[in-house]
Amino acid sequence: PFDEGMEVVHQRSCDAGEEASVLVGADDEMQQEFGRIVATIPNALPSACESPRSLILLPWHYGKGAPTPYAVRGAVLLVSAVGRCVTASRLEVLNGYEPETNGKLTLLGSIELEGESDIISLVYIKTVSNGWCVGTCNREGEFRLLFIDVKENNE
């Protein structure tokens, strides 16, 4: 599963822009002594020059939008916050051997929270709903709950 031994690593390069890479840990890859990059997605995360940036990955094994078994290596909900804007995306690691072509990022939506203070942290909140719940905390200590539900587009 994606949430066991995989992590996203953020890299920033002045001339190449920003990109996120997905690492597989040694527990899942017996031939490696350490993690290896299995997918690279250029410009996956918004640039943050002055505002703090937060990020959380949530496993996506079941429910609407869950990956078809064996069609992809894994999928997660990627929730990021820059300033007061929270963005949700679906990050998939495809089956293959080339990190540059193994990643797929699909923007699901974003919301700008009210107020003047930037979000400084995101945390997963376990609920009984079918979707996800993420708690946001800003510099003033305000805590808000964001419920994220996936709706299928029938068009």
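Source: prediction; values computed, not measured. Note that these values count all heavy atoms, side chains included, but never hydrogens, waters or copies made by symmetry.
Remark: Arg90 engages Glu92 in a side chain to side chain donor-acceptor pair (under 3.5 Å) (not counting sequence neighbours). Listed by chain and residue number, nothing satisfies the side chain to side chain donor-acceptor pair (under 3.5 Å) test with Asn102 (two or more places apart in sequence, or in another chain).
Phe147 and Leu77 fall into different hydrophobic clusters, where Ile, Leu, Val, Met, Phe, Trp and Tyr are joined by side-chain heavy atoms under 4.5 Å apart, directly or via other members.
Nearest heavy atoms, Leu107 versus Ala88: CD1-O, 3.7 Å. Between Gly135 and Ile125, the shortest heavy-atom distance links the atoms N-CG1, 3.8 Å. Considering all non-hydrogen atoms of both residues, Ile120 and Arg139 come closest at CG2-CG, 3.5 Å. Taking both residues in full, the closest heavy atoms of Cys85 and Ser110 are given as SG-CB, 4.1 Å, listed atom of the first, atom of the second, then distance. What you find for Leu55 and Leu122 is that their closest heavy atoms are N-CD1, 4.1 Å.
For the side-chain contact (heavy atoms from CB on, under 4.5 Å) criterion with Val79, the lone passing option out of Ile148, Leu57, Leu146 is Ile148.
For Glu112, the CD atom sits in a packed shell: over 12 heavy atoms of surrounding residues, nucleotides or ligands are nearer than 6.0 Å. Atom CD of Glu140 has more than 12 heavy atoms from other residues, nucleotides or ligands within 6.0 Å.
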Given the rule in the side-chain contact (heavy atoms from CB on, under 4.5 Å) test, do Leu145 and Thr127 qualify, once you have shown the distances and angles that lead to the verdict?
CA-CA 11 Å; Leu145 296 178; Thr127 66; over 6 Å; no
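In this structure the side chain of Arg144 reaches within 4.5 angstrom of the side chain of Glu114, judged on heavy atoms.
Expressed to the nearest 0.5 Å, how far CG of Leu113 lies from CG of Asp118 amounts to 10.5 Å. Atom CZ in Arg84 sits 9.0 Å away from atom CD1 in Ile119 (nearest 0.5 Å). Taking CG of Leu58 as the start and CG of Leu91 as the end, the distance is 11.5 Å to the nearest 0.5 Å. Atoms CG and CG, from Leu108 and Leu78 in turn, are 9.5 Å apart once rounded to the nearest 0.5 Å.
Chaining together hydrophobic side chains whose heavy atoms lie under 4.5 Å apart places Val72 alongside Leu94.
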